[in-house]
Amino acid sequence: MASLTAWRQGTSPTGAAIHQLTGYVDRWSARAGERIRFMISSAADRAYSLRFVRHLCADPNPEGPGYREIVMPTPLDGQRKGLFHAAHPGSYGRIEALALDGGGLRLSATVWPTLPARGRQTLIAIDVSGVAVRFEVGPHGGTQLRLGAETIAVDAPMLNRRWYAVEAVIDTAGGTLSVTQRPLHPVGTITDSGLGAAKAKLPKIAGTARVLVAAALEGGQIIAHYNGKIERPRIATLNDVTIGEWDFTQGITTQRIIDVGPQAAHGHLVNLPSRAMTGSNWTGAVHDWKSAPEQYGAIHFHADDMGDCGWPEAFTLDVPTDWPSGFYAAHIRNDAGEDYIPFFVRPAKGARKADVAFLVPTFSYQVYSSYQRIERSLEILPRARAWGALLETPGLNPEYGLSTYNYHADGSGVSITSMLRPQLDTRVRQMSLVDPVPTGSGTGRVNCDSYVVDWLDRAGIVHDVLTDHDLHEEGAAAIEPYRVIICAQHPEYHSLRMIEGFERFLDQGGRLMYLGGNGFYWRAEPSAETPHALEVRRAEGGIRVWATEPGESYNQFEGGYGGLLRRVGKASHKLVGIGFSTQGRHLGFPYAFTKGIKNPRVSFMLKGIEDAATPGAKFGDSGFMGGGAAGFELDSTDARYGTPPNALVVAKGIVIHDDYGWVNEDMLIHRHPRPREDWSCADMTFFETASGGAVFSVGSMTYVGSLPPENYGNVCAKLTTNVLRRFMDPAPFR
Ligand SMILES: [Fe+2]
């Protein structure tokens, strides 16, 4: 990565060229009594101190609700030896052993380069008995073969995003090398085909070879990563008998690459390249790779793909059985650096569960994580310094890879995100942005979700914590023991299994409080083989920074159709009554009660706010996120998409603001089908389910930031507490 080199050579604004002390965990959550592993990198192998803390409020804003952590002593605490570990982005395929008999070789593949002018990029690298064969994209974009001191290349560069059949022939006995490049779809007036050939004295290529696809191992480093698609890399004898041929149409859901040649020299993929990609033979007639896998034989490799950092374990925590369920972090620190690595503790197996559980949106955390936005990183720094908050961000540490909100360097969207790397924007004591409101905190993710923990704690409401990953893993069984499930600021990404879990929970009389915005929007699915990775294919509609290419909207990991949950019959409106309909700047605006608040069905909401809760009266006009309860990303009701007919809107946060636009999936022509007040708003919605349960939704991403003002005693907080207390009451809703 060029940007990485730049950072390494220079000095980052935090004063360090690399993150001085960071790490990651092997799982998002553990039950009390279970084990969680920590991988730590400390620059220059410096020692560091370790302690564990439980967070009640992670907001670092000195004018905020008040940072609250509880030190949780363990036998691991104290000084620990440090070791530096680097991150090595860039995906490739690796075949450990392929027998070569010393005859000539014919290497071939079909390729679709995406950064052909970027310099040397490996297609196939063979290392055997001290001989290195490099079949690659040369420094000028033409196909090239290097063998010992010999280099032959096609003069004409390949064009970006076009398919080529490329071949290299090594005639050891005849002493000739050749390389050819043939476009599958030639264009007029541009020459992008060619042949290079030379005579040379060639070494014998015999022994057990290590073969890499899309990268090369040189001097102990994996280098010269390729950007683009490769189909069917093949190594054959001079007279075209297959030695090894990797058919990427097989094992698409896996990280294995299958050799259909006589040696069955199967390999594996490193750093999660994209599979289920259209091949050179894709006709456009099929969109689901499962119905015609033979048209999906391409793997798209990127020099900035990132999977498992693979660092060795630094320490292991056996979560003490007496630790309460909650938000936790390992706090590591030395003179050079500092980090808080968050994790979540569930109650011990068999322990008595609370009635209420906070479902931490770890799918959404992970899908967002490692969002590289260097301008934002630089903007945050001065305030973070002043507040004593964490300084490091993904933008300052590009070696840990990208977010699914980024593009790869070749312009393709990032669809896979791994948790086995430092996720530097998913930290506690951290801000996500400089809040436009002077007293605002600019918090996101764990930090703003901790307002909910703080609120529950101050209200004396015993609660457990569990994560999206637990819900996906265990299905409805994970949440069934609870009467009330709380989802907070931004539960945007879910697997189908998780949605089905919620549905079952509600069918059984469960109560769901959705205290956020833009929730239940995209489908994200993990891989059965690599559960640390999540995949998001941004198909069709949806506010999104990138869109899937034609024919590539089905997930590689589990084969389902990617994109909006709405497109697979799981619109959030059906589940929580409302759905994403507008977004804009991180500003917060008040709600106003509707006449729905006077409906006897919701009289339980009124305790202590009887005077305030009159139709038309505003509330939620302060807060630590944008200065108000309705803002950033908002959800509204829409019967067409499945808002239940008994849904009652008790308040509306209408936001008419130049920066707030519609979601594109609602726009079929140039005019929105509904009046602006109906969609540019957060609809605070309540409905009862047929099984005696209920749902309460607020539909705004800044709502949780409006719980803390007045010591969690403002109208928003009181109303939310009233809802929770009624939801905790086992009496069925009728
Ligand atoms: Fe979002």
Side-chain angles (χ1 to χ4, degrees), residues 359-373 376 394 402-407 413-415 417 423 425-426 431-433 435 442-449 452 468 487-495 498-499 514-525 534-548 562-567 570-573 575-576 578-588 625-626 629-636 641 653 655 659-666 679-683 697-705:
L359 184 67
V360 184
T362 48
F363 263 43
S364 298
Y365 290 172
Q366 187 174 330
V367 168
Y368 271 94
S369 92
S370 307
Y371 194 171
Q372 291 190 23
R373 289 183 281 191
R376 171 114 17 135
L402 297 159
S403 155
T404 70
Y405 282 77
N406 288 120
Y407 292 92
V414 178
S415 60
T417 173
Q423 300 177 76
D425 44 2
T426 306
M431 73 188 75
S432 291
L433 50 88
D435 203 289
T443 42
R445 303 181 212 175
V446 197
N447 299 281
C448 61
D449 282 338
V452 174
D468 281 354
C487 294
Q489 190 236 4
H490 200 28
E492 183 176 358
Y493 292 85
H494 297 83
S495 65
M498 291 160 70
I499 298 295
Y514 161 44
L515 305 182
N518 180 220
F520 312 96
Y521 191 55
W522 293 103
R523 181 176 189 180
E525 296 285 351
L534 292 177
E535 178 183 20
V536 176
R537 296 260 170 149
R538 300 195 184 275
E540 293 194 63
I543 296 264
R544 62 217 198 279
V545 294
W546 61 270
T548 50
L564 296 181
L565 286 165
R566 183 187 293 190
R567 303 298 312 186
K570 300 291 185 189
S572 60
H573 307 75
L575 187 71
V576 293
I578 54 178
F580 186 37
S581 55
T582 184
Q583 85 170 70
R585 279 184 64 205
H586 190 268
L587 292 169
M625 302 177 72
F632 203 15
E633 299 186 0
L634 306 178
D635 306 338
S636 57
Y641 296 131
V655 179
D659 197 53
Y660 279 66
W662 46 71
V663 296
N664 55 50
E665 61 272 25
D666 284 348
W679 57 263
S680 199
C681 62
D683 281 338
S697 300
V698 302
S700 161
M701 270 180 70
T702 61
Y703 189 85
V704 295

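Since we're looking at a predicted model, the values are computed, not measured. First listed ligand is number 1; within each ligand, the first listed atom is number 1.
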Among the N/O/S atoms of [X], which is closest to the Fe ion (ligand 1)? Give the atom name.
X: E492; value: OE1
X: H490; value: NE2
X: E633; value: OE1

Task: Non-hydrogen side-chain atoms of T404 and R538 separated by less than 4.5 Å - done: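 In short, these two side chains touch, coming nearer than 4.5 Å.
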TODO: Report yes or no: does S364 have an N/O/S atom closer than 2.8 Å to the Fe ion (ligand 1)?
DONE: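 Coordinating: no.
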- [ ] Please determine if the Fe ion (ligand 1) has an N/O/S atom from N518 lying under 2.8 Å away.
- [x]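 Of the N, O and S atoms in N518, at least one lies under 2.8 Å from the Fe ion (ligand 1), which means yes.
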Task: Test of ring centre spacing under 6.0 Å for H490 and F632 - done: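 No; F632 has its ring centre 6.0 Å or more from that of H490.
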Open item on the list: For the residue pair E665 / Y521, report whether a side-chain donor-acceptor contact shorter than 3.5 Å exists.
Closed with: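 The answer is yes; a qualifying pair exists.
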Open item on the list: Does the plane of the ring in Y514 sit parallel, tilted or perpendicular to the ring in F520? Use 30° and 60° as the thresholds.
Closed with: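 The rings of Y514 and F520 stand perpendicular, inter-plane angle above 60°.
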Open item on the list: When you measure from the side chain of R376 to the backbone of S432, do you find a donor-acceptor pair of N or O atoms at a distance under 3.5 Å?
Closed with: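 Yes: the side chain of R376 pairs with the backbone of S432.
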